[in-house]
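Chain letters run A, B, ... following the sequence lines, proteins first, then strands; residues in each count from 1. FYI, side chains are in, hydrogens and waters are out, and symmetry mates aren't considered; it's all heavy atoms of this structure.
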Amino acid sequence: RKEVEQDPGPFNVPEGATVAFNCTYSNSASQSFFWYRQDCRKEPKLLMSVYSSGNEDGRFTAQLNRASQYISLLIRDSKLSDSATYLCVVNPDRGSTLGRLYFGRGTQLTVWP
Amino acid sequence: ETGVTQSPTHLIKTRGQQVTLRCSSQSGHNTVSWYQQALGQGPQFIFQYYREEENGRGNFPPRFSGLQFPNYSSELNVNALELDDSALYLCASSLEGLESTGELFFGEGSRLTVL
């Protein structure tokens, strides 16, 4: 079983739509969680961290359910510029970059006019 | 821009050859991690260097090797290239310590094609 599982999509939505991505992780001891964004043929970039209480950054909302080992990302009022691949990332250690991060395979989003 | 630079950006090799990829980490960062990203997949951890020592290794064979220099830049070496080594190789730098946020900063990657 993979450490992080994501639906690869693709998700094709019109501008202004609300879209949600989910991922699950297998290691219940995992400590910190992130969503990274990767544009086509570019490097991944941090979109937002995911906190147990849930957190919001503008149109983006991330949720963590430790009991179900489930992470979600909600994008409201989608923009054309949101078109990208969204990577779910799990770190076994809190606040540390030592050791490996586990990446899901990514969920591809295309927002059309 | 993240301040992480990788070279070369693209290269083509044939099976059995050797390749060296280079990475300059962001100023002030002391940790470098290397990831392999095959087409349509998420990045897979190869290994990490912290203060010039290897600090963890993923499920990659010994023909994948690396090092970190005193200025925290790093190299990834792959010997006896195989077709399946074709991928985007990503270097990520980070700061490990009290000020760590847990975030990795990626370079734009080196795209390797093995024929």
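- A continuous path of Ile, Leu, Val, Met, Phe, Trp and Tyr side chains, each step under 4.5 Å between heavy atoms, connects B/Tyr49 with B/Phe60, placing both in one hydrophobic cluster.
- Taking CD of B/Gln37 as the reference point, atom CZ of A/Arg105 lies at 11.0 Å (rounded to 0.5 Å).
- B/Leu112 and B/Phe47 fall within the same hydrophobic cluster, where Ile, Leu, Val, Met, Phe, Trp and Tyr residues are linked whenever their side-chain heavy atoms come under 4.5 Å apart, directly or through other members.
- In the hydrophobic cluster analysis, where Ile, Leu, Val, Met, Phe, Trp and Tyr join through side-chain heavy atoms closer than 4.5 angstrom, A/Leu47 is grouped together with A/Val50.
- Within the 4.5 angstrom heavy-atom criterion, only side-chain atoms of B/Arg111, from C-beta onward, approach chain A.
- Linking Ile, Leu, Val, Met, Phe, Trp and Tyr whenever their side-chain heavy atoms come within less than 4.5 Å puts A/Leu73 and A/Tyr25 in one cluster.
- B/Ile46 and B/Leu90 fall into different hydrophobic clusters, where Ile, Leu, Val, Met, Phe, Trp and Tyr side chains are chained together by heavy-atom contacts under 4.5 Å.
- Residues B/Leu88 and A/Gln38 come closest through the heavy atom pair CD2-NE2, 4.4 Å.
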Quiz item: Between B/Leu104 and A/Tyr36, does a side-chain contact (heavy atoms from CB on, under 4.5 Å) hold up when you go through it step by step?
Solution: CA-CA 10 Å; B/Leu104 295 185; A/Tyr36 275 70; 3.7 Å; yes
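- Between A/Arg100 atom CZ and B/Gln48 atom CD the span is 11.0 Å, to the nearest 0.5 Å.
- Between B/Pro43 and A/Leu87 the shortest side-chain heavy-atom distance falls below 4.5 Å.
- Atom CD in B/Glu108 sits 12.0 Å away from atom CZ in A/Arg41 (nearest 0.5 Å).
- At most 12 heavy atoms of other shown residues, nucleotides or ligands fall within 6.0 angstrom of atom CG in B/Asn59.
- Taking the six-membered ring for Trp and the full ring otherwise, B/Tyr35 and A/Phe103 have centroids separated by under 6.0 Å.
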